[in-house]
Amino acid sequence: MLTEKIREIAKKLLEEGKIEAFLCYEGTSHPFRNRAVLVKSPEEVKKLLWPSFGVINLATPLQKLKGQKAGILATGCVSRAIVVLIQEGQLKREDLFVVGVPCPGMLDPSKVRDKAPEIIDVIDDLKDEVLIVTPEDKIKFSREELLRNNCQECRHPVPPLYDLLLDFSGREKSPDPYRRVQEIEDLTLEERWQWFEREVLRRCFRCYACRQACPLCYCPTCFVDDSRPQWVGKTRDLIDTALYHLVRAYHLAGRCVDCGSCEAACPMDIPLRLLTKKLEKEALLAFSFEAGLDPEAPLLFTSFDENDPEDFMLTSELKASGKI
Ligand code: SF4
Ligand code: SF4
Ligand code: SF4
């Protein structure tokens, strides 16, 4: 149903000359992989579909279309990334036609893959159930169980910015968006470091697929690629790797829209989002700030309020000591 609506709208926009191209997803020969596709003529819209496995945020390739009037399919997190890019001067609102979808959430290829040794098809009802088709059988699973972690924890499935919103009933806002972050926060300092070392530092081999997939990592020269000065070593030394992940996470503080593209792109299945999700939580608690909701709103790091409490700078030990 969503696929038909998307094709119909893209065709109309292209026929009427309202856009030069439409950015969406298409299928692949793999049963649980979708990829971004750009169509430029009404005849091509038959390629388009609603992606149950649309793991890459379309706002990343959108930036290559600067200067063209482009249509784009936008879930909540794609729309939020577009908002941040407009706020940061990377995209112009007037160049875009945003077709918003109240998002049902995307399936996680890794979770699906683990369900059967050989899968020939995946049938997603976009509501409650997913049928995994194997050579011998069709096995039914709860959709919720197979969703990507960021979709299970999504706070904004409805796009905040759109020109046209598809009539569809998507997911509800997650009641517990920080459960996984809380599990790490509940560890001791030493255990948290062990988790970071074990799950992130020792497994990361610095391919930078996470950076390439992120719609908000758009610096022409990333600090890890700079050689004059060289901010960070190019080795797999744990300190170099830690520096990459910590600086990248801080560069995304108040900007990350929790689309999970970084995590989906990682060939090592590193739970990268937990770092940016933690910073999202801190921005929400300290400043009631959430990224990508209003293109006219000030950015977290370029605004200052003299009533900001500032006690976010204190460690819990300092607060408890009563010295400050
Ligand atoms: S994070 Fe939210 S908006 Fe983005 S794909 Fe998942 S459910 Fe949809
Ligand atoms: S850091 Fe990851 S989750 Fe956040 S916007 Fe970039 S790709 Fe999306
Ligand atoms: S994609 Fe994964 S392995 Fe590659 S740099 Fe990022 S975290 Fe490391």
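Order of listing sets the numbers, starting from 1, for every ligand and every atom in it.
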Asks: Can you list the atoms of ligand 2 that are under 4.0 Å from a heavy atom of Arg248?
Replies: 1 (S)
Asks: For ligand 2, which atoms sit closer than 4.0 Å to a heavy atom of Ser261?
Replies: 7 (S)
Asks: Starting from atom 2 (Fe) of ligand 2, which protein heavy atom do you reach first, and at what distance in Å?
Replies: Cys262 SG, 2.3 Å
Asks: So is Arg203 in contact with ligand 3, going by heavy-atom distances below 4.0 Å?
Replies: no
Asks: Are side-chain N/O atoms of Asn149 and Arg273 paired as donor and acceptor at under 3.5 Å?
Replies: no
Asks: Considering non-hydrogen atoms of the protein only, which is the closest contact for atom 4 (Fe) of ligand 2, and what is the distance?
Replies: Cys256 SG, 2.3 Å
Asks: May I ask you to list the atoms of ligand 2 that are less than 4.0 angstrom from any heavy atom of Leu252?
Replies: 1 (S)
Asks: Taking Glu153 first and then Arg180, would you say they form a salt bridge - that is, a charged N and a carboxylate O separated by under 4.0 Å?
Replies: yes
Asks: With a cut-off of 4.0 Å, which atoms of ligand 2 are near a heavy atom of Gly260?
Replies: 3 (S), 8 (Fe)
Asks: What residue and heavy atom of the protein are closest to atom 6 (Fe) of ligand 2, and at what distance?
Replies: Cys214 SG, 2.3 Å
Asks: Measuring from atom 1 (S) of ligand 3, which candidate in Cys210, Cys204, Ala213 has the nearest non-hydrogen atom?
Replies: Cys210
Asks: Report yes or no: do Trp195 and Glu191 form a side-chain donor-acceptor pair below 3.5 Å?
Replies: no
